[in-house]
Undergrad: 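The structure under discussion is supplied below as structure tokens; questions concerning it will follow.
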Amino acid sequence: MLIKRFRGWELPESRATPESVFFNRRQLLAGGAIAAGAGLLPRAARAADEDPSASLYPVPRNEAYTIERPITPEEINSTYNNFYEFGSHKRIFKAAQALPIRPWDVRIDGLVEAEKTVSIDELLKQMPLEERLYRHRCVEAWSMTIPWSGFPMKALVDFAKPLGSAKYVRMETFLNPDVASGQRQSWYPWPYVEGVTIEEATNELAFMVTGAYGKPLAKQFGAPIRLALPWKYGFKSIKSIVRISFTEERPVSFWEEIQGREYGFWANVHPGVPHPRWAQSTERVLGTDERIPTVIYNGYGDYVADLYADLQDEKLFM
Ligand code: MTE
């Protein structure tokens, strides 16, 4: 049985949070700094200077997606990450710097008019880049607020030209055990896979992320391209995507394959549906440690509740 091997998510948050997060937070507060300046960032947390997309950022903010919460300081966000390819703990940011992000191709295949491979820089040229402030809620009951840059997933779906028979979008992370030591742990079903319905993918909130904090995406965030689905638990937001397939069959995602009873396909945020190890009624805000009530669909119900109106027999909330 696979059950008790998976340590990261099973740690109570108090144990999983590295001391340095608290230390750095105190430093920030003591300095009166709200947004961390680049000088405070560990080298690995800065946008890669050599990233060829650097000149594209910052991109204009889309004011339709702002929120009332303060932005989580970059220095906290970029040193507290889930990226199991580089370890099952939160301090993967240094290890993640080993990931080569150029050349980087994305394969588009399955039920599309024509399968194709596109380089990330070609894709960036063709997509309408903008910045959005999104909530980010992990099933471990912590949350952040992040200025993501990227483009609507709908633009990617239009670019891919799926056939009418396509019902799902399946996404896959890179597979490279030479640089990602986590991928040498064979009990995980690598590569990381996630999936959404076409309706979810074309909902205006679904966002392909290529930058954050006004810069190209740092490697620990899932460079050069990841997903953000702010109404779902964070594990749906797959990082470092290399393949996007359009399918008729519902894909089985990474965590669903590991423990389907705990991590379902839909994974929409619901304060009243606890995970076996984490109550979901409240969340801890990283950066302030404030505990606030969690809201259904992470506060995005107006955008997405309709997607699920006819799916009431499904296990929509985990
Ligand atoms: N994508 C890949 N490929 N590997 C991962 O381990 N972790 C997921 C998601 N995407 C993960 C991933 C989880 S559990 C969360 S909460 C978010 O990424 C974390 O994103 P962040 O590190 O930017 O906060």
Side-chain angles (χ1 to χ4, degrees), residues 34-38 41 44-83 93 96-97 99 101-102 104 106 118-137 143-159 171 173 194 201-232 234 236-242 244 286-287 298 300 303:
I34 300 297
L41 296 174
R46 286 180 234 147
D49 301 331
E50 70 281 7
D51 190 309
S53 69
S55 63
L56 298 177
Y57 303 92
V59 292
R61 180 174 295 176
N62 184 338
E63 297 294 342
Y65 306 100
T66 53
I67 35 181
E68 72 291 356
R69 296 181 187 176
I71 292 175
T72 305
E74 179 182 3
E75 177 274 349
I76 288 179
N77 192 353
S78 56
T79 53
Y80 189 89
N81 303 97
N82 277 329
F83 202 168
F93 68 91
Q97 303 317 305
L99 178 66
I101 55 168
R102 291 296 187 289
W104 191 278
V106 179
V118 60
S119 76
I120 184 66
D121 294 304
E122 186 54 37
L123 193 63
L124 285 169
K125 267 191 227 156
Q126 299 202 30
M127 294 293 120
L129 295 179
E130 61 182 50
E131 182 181 72
R132 298 183 177 191
L133 303 187
Y134 269 2
R135 301 175 185 196
H136 175 47
R137 172 64 159 78
S143 65
M144 303 198 215
T145 300
I146 308 174
W148 293 127
S149 307
F151 53 89
M153 192 174 184
K154 180 171 186 316
L156 184 72
V157 172
D158 292 344
F159 174 81
M171 286 150 285
T173 296
E194 260 305 340
T202 53
N203 181 276
E204 65 174 286
L205 279 185
F207 199 54
M208 302 305 304
V209 174
T210 57
Y213 296 92
K215 292 175 288 190
L217 205 54
K219 293 183 182 183
Q220 61 270 38
F221 291 147
I225 184 166
R226 68 170 291 171
L227 183 61
L229 301 170
W231 71 99
K232 293 179 180 284
K236 294 292 294 182
S237 292
I238 182 172
K239 296 181 168 184
S240 301
I241 298 167
V242 293
I244 300 175
L286 291 192
N298 202 21
Y300 293 101
Y303 295 89

Undergrad: What heavy-atom pair brings Phe93 and Ser78 nearest, and what distance separates the two atoms?
TA: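 Taking Phe93 first and Ser78 second, the nearest heavy atoms are CB-O, 3.4 Å.
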Undergrad: Answer yes or no: is there a side-chain heavy-atom contact under 4.5 Å between Glu204 and Pro152?
TA: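 No; the side chains remain at least 4.5 Å from each other.
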Undergrad: Give me the atom names and distance for the closest heavy-atom approach of Ala206 to Trp231.
TA: N-CZ3, 4.0 Å
Undergrad: Got Trp148 and Phe207 here, is their nearest side-chain heavy-atom distance under 4.5 Å?
TA: yes
Undergrad: Are the side chains of Val118 and Gln126 in touch, meaning some heavy atoms are under 4.5 Å apart?
TA: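 A side-chain contact under 4.5 Å is absent here.
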Undergrad: Which residue is it: Arg132, Arg61, Glu131? I am looking for the one with a side chain to side chain contact (heavy atoms under 4.5 Å, CB included) to Thr66.
TA: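 The option that passes is Arg61.
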Undergrad: Starting from the C-alpha separation in whole Å, work towards a yes-or-no answer on side chain to side chain contact (heavy atoms under 4.5 Å, CB included) for Phe221 and Ile146.
TA: CA-CA 11 Å; Phe221 291 147; Ile146 308 174; 5.9 Å; no
Undergrad: Keeping Thr145 on the side-chain end and Thr72 on the backbone end, is there a donor-acceptor pair under 3.5 Å?
TA: no
Undergrad: Looking only at heavy atoms, which two atoms of Pro52 and Arg102 are closest? And how far apart?
TA: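 Minimum heavy-atom contact is CG-NE, 3.3 Å.
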Undergrad: Do you know which two heavy atoms are closest between Asp121 and Ser53, and how far apart they sit?
TA: OD1-CB, 4.2 Å
Undergrad: To the closest 0.5 Å, what do you measure between CG (Leu129) and CG (Asn62)?
TA: 12.5 Å
Undergrad: Are the side chain of Thr173 and the backbone of Lys239 linked by a donor-acceptor contact shorter than 3.5 Å?
TA: yes
Undergrad: Before accepting this row, confirm whether a basic side-chain N of the pair Lys215/Asp51 lies closer than 4.0 Å to the acidic partner's carboxylate O.
TA: no
Undergrad: Does Thr210 reach the main-chain N or O of Ile225 with its side chain, forming a donor-acceptor pair under 3.5 Å?
TA: no
Undergrad: Does Ser119 use its side chain to pair, donor to acceptor, with the backbone of Glu122 at less than 3.5 Å?
TA: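 Yes: the side chain of Ser119 pairs with the backbone of Glu122.
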Undergrad: Can you tell me how far CG of Leu124 sits from CH2 of Trp104, rounded to the nearest 0.5 angstrom?
TA: 13.0 Å
Undergrad: Does any non-hydrogen side-chain atom of Leu227 lie less than 4.5 Å from one of Glu194?
TA: no
Undergrad: Is any side-chain heavy atom of Ser240 closer than 4.5 Å to a side-chain heavy atom of Phe83?
TA: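 Yes, close enough: below the 4.5 Å cut-off.
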Undergrad: Quick one: CZ on Arg135 to CG on Asn298, what's the gap to the nearest 0.5 Å?
TA: 6.0 Å
Undergrad: Start with the C-alpha gap between Asp158 and Lys154, add the side-chain angles, then the distance that decides, and say whether salt bridge (charged side-chain N to carboxylate O under 4.0 Å, His left out) holds.
TA: CA-CA 6 Å; Asp158 292 344; Lys154 180 171 186 316; 3.0 Å; yes
Undergrad: Could you give the distance from CD (Glu130) to CZ (Phe151), rounded to the nearest 0.5 Å?
TA: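 Result: 11.0 Å between the selected atoms.
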Undergrad: Can you give me the closest heavy-atom contact between Ala228 and Ser237, atom names plus distance?
TA: CA-OG, 3.5 Å
Undergrad: If you round to the nearest 0.5 Å, how far is CD of Gln220 from CG of Asn81?
TA: 5.5 Å
Undergrad: Angle class for the Tyr300/Tyr134 ring planes (parallel below 30°, perpendicular above 60°, tilted otherwise)?
TA: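 If you compare the ring of Tyr300 with that of Tyr134, the planes turn out perpendicular.
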Undergrad: Can you tell me how far apart CG (Leu123) and CZ (Phe159) are? Round to the nearest 0.5 Å.
TA: 5.5 Å
Undergrad: Quick one: closest heavy-atom pair of Ser143 and Arg137, and the distance?
TA: CB-CD, 4.2 Å
